[in-house]
Amino acid sequence: MVVSGGDPRDNLDNFVKIGEGSTGIVCIADDKALGRQVAVKKMDLRKQQRRELLFNEVVIMRDYHHPNIVEMYDSFLVEDELWVVMEFLEGGALTDIVTHSRMDEQQIATVCQQCLKALAYLHSEGVIHRDIKSDSILLASDGKVKLSDFGFCAQVSQELPKRKSLVGTPYWMAPEVISRLPYGPEVDIWSLGIMVIEMVDGEPPFFNEPPLQAMRRIRDMPPPKLKNTHKVSTRLQGFLEKILVRDPAQRATAFELLQHPFLRQAGPSSLLVPLMRTYSRQNPC
């Protein structure tokens with residue numbers, strides 16, 4: 001019910017591996033029918049502890065479309081692998097930028113604005129992403145920012161308004177997730193705040209500590225602060241103070257944050273192009 005029939009290899013050619021994640025590998029390939037490059041995520045079902053998360057990703061990407069969300073074209077079962085065919089974003093992940101470049105506030109505001117548009121849309125549809133971090137943000141060649149990695153998504157509704165599972169990446173997790181309290185879309189906002197810290201400091205708080213120790217600190221300590229507070233404006237600090245709030249009920253929503261004065265300095269996607277390193281082809285896959 002989730003995947004298409006047929007063999008995608010009839011139409012896809014020249015596979016080149018460009019990345020590897022916990023669930024499988026990502027390649028680029030030439031789509032002969034469309035005459036363009038696509039990204040293909042290949043996930044080995046035999047190696048997955050929770051296969052339903054892979055199909056969950058496919059269903060979310062199939063059902064929810066937004067200019068700031070990576071577009072999925074199709075999905076297939078190829079022997080024991082789930083293949084997801086998506087748009088190829090040449091700019092790579094935001095992680096590459098935060099670890100190699102210094103972003104100015106206009107660029108940070110531009111990334112935040114586009115991420116918040118995607119989150120406001122998902123949250124309005126009752127979808128929580130649950131794994132917001134720089135690795136989950138991809139850039140197109142024109143600098144457009146797109147949200148990806150929907151494997152950990154959850155759906156909430158009036159009947160089931162909160163979730164409780166411990167899901168996400170430790171350093172970006174909200175305190176209520178770590179405490180195993182019922183939570184809602186506010187957890188994505190906290191993770192976005194940690195991503196803002198990544199954009200300023202180059203890494204999330206407690207990154208040099210083991211994950212469990214970091215999680216205990218996030219759970220028990222006041223919200224983390226920027227290392228380089230002296231380098232940022234009061235507007236950016238004010239923006240972060242609305243986001244990194246321990247009480248989820250007091251945390252700003254994506255819609256509220258889109259109205260924040262800090263985002264008035266957001267500009268066109270092209271501002272992000274100078275940050276992107278030239279894309280290098282890697283191994284055939």
Side-chain angles (χ1 to χ4, degrees), residues 67-68 91-121 123 129 132-140 142-147 169 171-175 185-208 214 217-218 221-277:
N68 297 111
L94 180 63
T95 315
D96 235 13
I97 289 172
V98 301
T99 50
H100 295 103
S101 311
R102 174 110 173 83
M103 297 176 72
D104 65 33
E105 292 201 12
Q106 196 179 17
Q107 291 166 329
I108 292 171
T110 304
V111 170
C112 289
Q113 185 183 59
Q114 296 193 34
C115 290
L116 283 164
K117 284 179 179 176
L119 287 176
Y121 164 68
H123 294 171
H129 186 280
I132 298 293
K133 54 184 178 177
S134 61
D135 303 85
S136 306
I137 307 300
L138 301 179
L139 286 97
D142 62 357
K144 189 162 197 139
V145 174
K146 300 212 178 197
L147 193 46
T169 307
Y171 305 95
W172 289 264
M173 274 183 193
E186 309 83 24
V187 300
D188 287 342
I189 301 301
W190 176 281
S191 302
L192 179 87
I194 301 301
M195 197 176 89
V196 173
I197 291 181
E198 278 190 275
M199 289 189 272
V200 176
D201 290 343
E203 62 182 30
F206 317 125
F207 205 48
N208 56 350
R217 283 187 165 229
I218 295 162
M221 287 172 60
K225 290 195 167 6
L226 290 163
K227 278 188 231 163
N228 298 311
T229 312
H230 57 287
K231 292 185 182 170
V232 302
S233 66
T234 51
R235 268 188 178 178
L236 194 156
Q237 285 186 59
F239 182 67
L240 257 186
E241 281 162 14
K242 295 270 186 217
I243 295 174
L244 295 177
V245 179
R246 283 193 66 84
D247 178 359
Q250 301 300 314
R251 210 172 290 154
T253 65
F255 182 76
E256 286 164 355
L257 289 168
L258 282 166
Q259 322 303 316
H260 193 278
F262 172 63
L263 294 191
R264 285 186 202 139
Q265 60 191 309
S269 303
S270 55
L271 284 175
L272 305 174
V273 174
L275 296 170
M276 300 188 308
R277 297 193 299 166

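Atoms considered below: every heavy atom in the structure, side chains included; atoms not considered: hydrogens, waters and symmetry mates.
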Worksheet item: Checking side chain to side chain contact (heavy atoms under 4.5 Å, CB included) for the pair Leu240/Ile197: CA distance, chi angles, key distance, verdict?
Response: CA-CA 9 Å; Leu240 257 186; Ile197 291 181; 4.2 Å; yes

Discussion item. Show, in sequence, the C-alpha distance, side-chain angles and deciding distance for Leu275 and Leu139, and conclude whether the side chain to side chain contact (heavy atoms under 4.5 Å, CB included) test is met.
Written reply: CA-CA 10 Å; Leu275 296 170; Leu139 286 97; over 6 Å; no

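Considering every non-hydrogen atom in both Ile189 and Ala254, the closest pair reads CD1-N, 3.7 Å. In plain terms, the two heavy atoms of Val145 and Cys115 that are nearest each other are CG1-SG, 3.9 Å. When all heavy atoms of His123 and Pro185 are compared, the pair lying nearest together is CE1-O, 3.3 Å. Looking at every heavy atom in both residues, Lys146 comes nearest to Pro67 through CE-O, 3.3 Å. Listed here is the closest heavy atom pair of Leu147 and Ala118: CD2-CB, 4.0 Å. Among all heavy-atom pairs drawn from Lys231 and Glu105, the shortest one is O-OE2, 4.2 Å.
With rounding to the nearest 0.5 Å, the separation of CD1 in Ile97 from CD1 in Ile108 is 11.5 Å. Within the model, atoms CG of Asp142 and CE of Met276 stand 7.5 Å from one another, a figure rounded to the nearest 0.5 Å. The NZ atom of Lys242 sits 8.5 Å away from the CD atom of Glu256 when rounded to the nearest 0.5 Å. Taken to the nearest 0.5 Å, the CG atom of Leu257 stands 5.5 Å off from the CG atom of Leu116. To the nearest 0.5 Å, atom CG of residue Leu138 and atom CG of residue Asn68 are 12.0 Å apart. Rounded to the nearest 0.5 angstrom, Glu203 CD and Tyr171 OH are separated by 10.0 Å.
Between Gln107 and Ser101, the closest side-chain pair of non-hydrogen atoms is not below 4.5 Å. Side-chain contact check for Ile194 versus Pro205: some heavy-atom pair is nearer than 4.5 Å. Put simply, the side chain of Leu119 reaches to within 4.5 Å of the side chain of Ile132, judged on heavy atoms. Contact check for Leu94 versus Met195: side-chain heavy atoms found under the 4.5 Å cut-off. Contact annotation: the side chain of Pro175 approaches that of Ile218 to within less than 4.5 Å [non-hydrogen atoms, C-beta and beyond]. Side chains of Trp190 and Leu244 form a contact here, defined as non-hydrogen atoms less than 4.5 Å apart.
Side-chain atoms of Glu198 come within 3.5 Å of backbone atoms of Ser134 as a donor-acceptor pair (strictly under, hydrogens ignored). No side-chain donor-acceptor contact under 3.5 Å links Arg235 to the backbone of Leu263. With Asp135 contributing its side chain and Ala93 its backbone, the two residues share no donor-acceptor pair below 3.5 Å. Ser191 places a side-chain N or O within donor-acceptor distance of the main-chain N or O of Trp172, the cut-off being under 3.5 Å. Although no hydrogens or angles enter the test, the distance criterion places a donor-acceptor pair under 3.5 Å between the side chain of Thr110 and the main chain of Gly267.
The aromatic rings of His260 and Phe239 sit perpendicular, their planes meeting at an angle over 60°, well past the 30° parallel limit.
Every side-chain hydrogen bond (donor to acceptor under 3.5 Å, both in side chains) that Ser269 has, sequence neighbours left out, goes to Gln114.
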